[in-house]
Amino acid sequence: MPFQLLDLVELKLKEVISREPTLLVMVVGVPNVGKSALINSIHQIASTRFPLQEKMKRATVGPLPGVTQDIAGYKIAHQPSIYVLDTPGVLVPNIPNIEIGLKLALAGSVKDSVVGEDRIVQYLLTVLNTRGTPLHWKHLANPIEETTQISEDKPDYNPKDIRPKMKKLPDASDLLYVKDLVAEVRHALYVTLSEFGGNIEDENDMECLVEHQYEVLQKVLRIPHKSSESRLMVSKKFLTLFRSGKLGSFVLDDVPES
């Protein structure tokens, strides 16, 4: 996508370069869809195609909407001059229906507090169940063997390594923990859906299935049962796995098979 956009920039630039040798591009879209990340990608690509004299300034990105709060300009090329404007995300004044609103919330275009993490996860689980997605997770490999191999190669513990650190980088055990956790979450959703005896298309049956999956996810995610905010904690952790891509890539809209 960044390459295609830069090609378009070059094409438009050739059309106007004789009249005005400067091109100004504005990136506009709904919140949290990667506008700033796209600009950074264009930065990187443009640096290999056009000479840039000064050090490139990068757009600030983040996992939540609202990181970009003002219009910011970035010069990505010199001779010819190309500037890109990064803008805060914009939404239509009125969202047509509830489902579109939930899709925007699930994608992070709307702050979770507006809709509620619980409701967002209910919608996500309903979508996964309706499409039968967990049934495709049956034959995924279990990373336990890989964990054993890495733990065998781990060097002996050295008392001299005990020192305060400003920031701990993720090591192999951290990465494998997340990988194991994802495998357990996928397996739990596969089991609950495959053993479900109700009708997926029935609203009440689907609600019962989602409630059961919440209970199972609470165990898998190691969240205390007695916690008053246990459901919220389940929702937040499950949303983090989904939005970080750990569960896989998903298209929320219905795409025609043809």
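- Every residue two or more places apart in sequence or in another chain that forms a salt bridge (Lys or Arg N to Asp or Glu O under 4.0 Å) with E211 is listed here: R231.
- When side chains are defined from C-beta on, L217 does not count as touching K237, because their heavy atoms never get closer than 4.5 Å.
- Heavy atoms only, all atoms of each residue included: T130 and M206 are closest at OG1-CE, 3.6 Å.
- Atom CG of N129 sits about 4.0 Å away from atom CD of Q213, to the nearest 0.5 Å.
- By the side-chain contact (heavy atoms from CB on, under 4.5 Å) test, K236 is found to be paired with E117, L232, residues two or more places apart in sequence or in another chain being considered.
- A 6.0 Å sphere centred on CG of L135 holds more than 12 heavy atoms belonging to other residues, nucleotides or ligands.
- Under the salt bridge (Lys or Arg N to Asp or Glu O under 4.0 Å) criterion, E184 pairs with R222, sequence neighbours left out.
- Minimum heavy-atom separation, R243 to L106: NE-O, 3.1 Å.
- Shortest non-hydrogen contact noted between D253 and R131 is O-NH2, 3.7 Å.
- Here A188 pairs with V216, V220 under the side-chain contact (heavy atoms from CB on, under 4.5 Å) rule; sequence neighbours left out.
- Of the inter-residue distances, the one linking T126 atom OG1 with E207 atom CD reads 9.0 Å to the nearest 0.5 angstrom.
- A donor-acceptor contact shorter than 3.5 Å is absent between the side chain of Y214 and the backbone of V234.
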> What's the verdict on side-chain contact (heavy atoms from CB on, under 4.5 Å) for I120 and L239, showing C-alpha distance, side-chain angles and the deciding distance?
Replying inline: CA-CA 8 Å; I120 298 173; L239 276 177; 3.7 Å; yes
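- Residues passing the salt bridge (Lys or Arg N to Asp or Glu O under 4.0 Å) test with R119: none are found, sequence neighbours excluded.
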Donor-acceptor pairs are to be reported for all side-chain atoms of residues 194-202 against protein atoms at under 3.5 Å, with residues two or more places apart or in another chain.
residue, atom, partner, partner atom, Å
S194, OG, Y190, O, 2.9
S194, OG, V191, O, 3.1
N199, OD1, E201, N, 3.1
D202, OD2, N204, N, 3.1
D202, OD2, D205, N, 2.9

> Hey, mind stepping through F242 and V121 against side-chain contact (heavy atoms from CB on, under 4.5 Å) and telling me if it holds?
Replying inline: CA-CA 10 Å; F242 173 79; V121 170; over 6 Å; no
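- Between atom CG of residue L124 and atom NZ of residue K103 there is a gap of 12.5 Å, rounded to the nearest 0.5 Å.
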>> Is there a side-chain contact (heavy atoms from CB on, under 4.5 Å) between I100 and L104? Walk through the geometry before answering.
In response: CA-CA 6 Å; I100 292 178; L104 289 170; 4.2 Å; yes
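- Note that the OG atom of S230 and the CD atom of E215 stand 10.5 Å from one another [nearest 0.5 Å].
- Within the model, atoms NE2 of H212 and CG of L189 stand 10.0 Å from one another, a figure rounded to the nearest 0.5 Å.
- Of the inter-residue distances, the one linking L247 atom CG with T133 atom OG1 reads 10.5 Å to the nearest 0.5 angstrom.
- Here the closest heavy-atom approach between residue A105 and residue V115 is recorded as CB-CG2, 3.7 Å.
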